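First up is the structure itself, then whatever we jot down about it.
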Amino acid sequence: TFRILHGSRDLAFALVTATQQVSAIDESLRVIARPHDVLDPVPAEPAKPGGGTIAFERVSYRYPEGRKVLEDFSLTIPAGQKVGLVGPSGAGKSTIISLIQRLDDVQRGDILIDGQPLTALAQDDLRAKIAVVPQDIALFHRPILENIRYGRPDASDEEVFEAARHAFCDGFIRQLPEGYGTLVGERGVRLSGGQRQRLGIARAFLKNAPILILDEATSALDTQSEQEIQAALANLAQGRTVVAVAHRLSTVSAFDRVLVLVDGRIAEDGHPTELRRRGGLFNSLWQLQAQGFAAE
Ligand code: ATP
């Protein structure tokens, strides 16, 4: 929801309005342009165990049908750090989280996890290092138990229940007509956006990967749902490296570090409290959101 802001004409506001208008065009681009298929190296390096350090080293990237999004982009995220990516639509936040998952290969530079270039690892080994909580999870027309177990197919029922408890799903699932046996998916029970997101968190719990990628839903949630998701995410984030595309600045206020991206570049980088004190773009976005404006 976006209303006219009276009086103030700061940089953040200009960015916010301008980028909201082009985001509809962005959406149609995304459907047309499909990334290339990535290939497994032969032979692949065995994946080294590690806490999930992420490094972008002088990366340049353009979409197959698009313009250059990242140019000579470098970033190091130490293991265990919780990083929120914020910035206007089109700034490159989604691109960064896609590239960490190697959904496409970069044209120049390297992306490394625990010191190994993504291109040196088998994709299965890379996937084992990363759990993703997407904006909206795909549900299958199967019992909800199986939908959560999808996070780790060999998990026991008890492990699924435990993940659901950590993700604050257990309560609502037990109230469904057939509890964990309830069919969900297209023709199943309809779940709210907040419930679906928590199922995504439960799946990620089961996967138990060192890196957590979170693509926060943009949709507005009621306060209780919001609080449960925040609590579930705080549980899940513990002991992991977290990279989150955050639409709500309240999410990043609990993080170690915020990166404000503008046009593929890091405009601000620091602890959220520090960035607010500095009075730059993050602070302006913060002020706008405090007044009830979308911060994207
Ligand atoms: P949003 O908050 O709207 O999701 P974002 O910060 O995540 O934005 P990206 O989605 O990473 O931004 O987009 C960065 C740039 O890359 C934009 O200019 C966008 O139009 C372009 N882009 C994104 N996806 C594709 C694609 N599949 N093909 C071509 N260009 C793309």
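In each ligand, atom 1 is the first atom listed, and ligand 1 is the first ligand listed. It should be emphasised that the depicted structure is a prediction, and the values quoted were computed from it without experimental measurement. In this chain, numbering begins with 1 at the start of the sequence shown.
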Q) Quick one: does G87 get an N or O within less than 3.5 Å of an N or O on ligand 1? A) no
Q: Record the part of E65 in heavy-atom contact with ligand 1 below 4.0 Å; permitted values are side chain, backbone, both and neither.
A: neither
Q) What part of V69, side chain from CB on, backbone N/CA/C/O, both or neither, has a heavy atom under 4.0 Å from ligand 1? A) side chain
**Q.** Closest non-hydrogen atom pair between L206 and E159, with its separation
**A.** CD2-O, 3.6 Å
Q: Decide whether Y63 and D104 meet the rule of one side-chain donor and one side-chain acceptor closer than 3.5 Å.
A: no
**Q.** Distance flag, aromatic centroids of Y180 and F161, threshold under 6.0 Å
**A.** yes
Q) Nearest 0.5 Å, what's the CZ-CD1 distance between R149 and I144? A) 13.0 Å
Q) Atoms of ligand 1 less than 4.0 Å from P88 heavy atoms? A) 6 (O)
Q: Below 4.0 angstrom from a heavy atom of T95, which ligand 1 atoms are there? Numbered from 1 as shown, please.
A: 9 (P), 11 (O), 13 (O), 14 (C)
Q.
Does the residue G92 have a heavy-atom contact with ligand 1, meaning some pair of atoms that are separated by less than 4.0 Å?
A. yes
**Q.** Side chains of N208 and R240, donor plus acceptor under 3.5 Å
**A.** yes
(Q) Could you work out, for atom 15 (C) of ligand 1, the closest of P64, S89, G90 by heavy-atom distance? (A) G90
(Q) To the closest 0.5 Å, what do you measure between CZ (F282) and CG (L259)? (A) 11.0 Å
Q: Verify the distance criterion only: is there a donor paired with an acceptor across the side chains of Q291 and Q287 at less than 3.5 Å?
A: no
Q) For ligand 1, is S98 a contact, meaning one of its heavy atoms is under 4.0 Å away? A) no
Q | Proximal atoms of ligand 1 relative to A91 (non-hydrogen, under 4.0 Å) | A | 5 (P), 6 (O), 12 (O)
(Q) If you measure every N or O of S94 against every N or O of ligand 1, does any of those distances drop under 3.5 Å? (A) yes
